[in-house]
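For reference, the structure discussed in these notes is given below.
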Amino acid sequence: MEWIDERPTWLPPIPPPHRGRARIVAGVLLVSAVMIAVMATAFVGGTISMYLWWPLAGGLLLLGSGLLSRRRLP
């Protein structure tokens, strides 16, 4: 190993390569689960509960925050 292979101590740490991926996956899973539940309930002819707004809003917040954390700032 050469001396140029080591990272200098005065440089800031490298950010992780998959920043926000867990939040994006969790958000997509929540949103898709709510959409599948709504479609299944509508197909059967049942009444869709207003409590489905909470997981949908949580999934959209997770998805949005995960996507915003992947943004590269100058």
Side-chain angles (χ1 to χ4, degrees):
M1 189 166 151
E2 296 290 328
W3 66 272
I4 55 173
D5 292 337
E6 297 177 8
R7 187 166 176 83
T9 57
W10 49 270
L11 283 175
I14 299 175
H18 305 296
R19 182 185 304 173
R21 178 180 282 183
R23 283 179 287 177
I24 292 171
V25 169
V28 167
L29 286 176
L30 272 173
V31 169
S32 61
V34 168
M35 289 300 145
I36 289 172
V38 166
M39 292 298 170
T41 307
F43 179 75
V44 174
T47 303
I48 298 168
S49 173
M50 292 298 289
Y51 288 116
L52 285 175
W53 284 107
W54 292 111
L56 181 63
L60 288 174
L61 283 173
L62 282 171
L63 186 59
S65 69
L67 288 172
L68 284 175
S69 70
R70 294 178 71 90
R71 197 171 55 165
R72 299 264 185 223
L73 296 175

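Computed from heavy atoms alone, side chains included, the values below leave out hydrogens, waters and symmetry copies.
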Identify the two heavy atoms, one from [X] and one from [Y], that lie closest to each other, and give their separation to 0.1 Å.
| X | Y | result |
| --- | --- | --- |
| Leu29 | Ser32 | O-OG, 3.1 Å |
| Gly20 | Ser69 | CA-OG, 3.5 Å |
| His18 | Arg70 | C-NH1, 4.3 Å |

Could you see if [X] belongs to whatever hydrophobic cluster contains [Y]? Use Ile, Leu, Val, Met, Phe, Trp, Tyr and a side-chain cutoff under 4.5 Å.
| X | Y | result |
| --- | --- | --- |
| Val31 | Ile36 | no |
| Val25 | Leu67 | no |
| Phe43 | Ile48 | no |
| Leu60 | Tyr51 | no |
| Val34 | Trp54 | no |

Problem - Full working for side-chain contact (heavy atoms from CB on, under 4.5 Å) between Leu56 and Leu30 - result: CA-CA 7 Å; Leu56 181 63; Leu30 272 173; over 6 Å; no
Handout entry: Pairwise distance CZ(Arg23) to CG(Leu68) - rounded to 0.5 angstrom
Key =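 The CG atom of Leu68 is 9.0 Å from CZ of Arg23, to the nearest 0.5 Å.
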Practice task
Please round to the nearest 0.5 Å and tell me the distance separating atom CZ of Arg19 and atom CD1 of Ile24.
Solution key: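 The distance works out to 11.5 Å.
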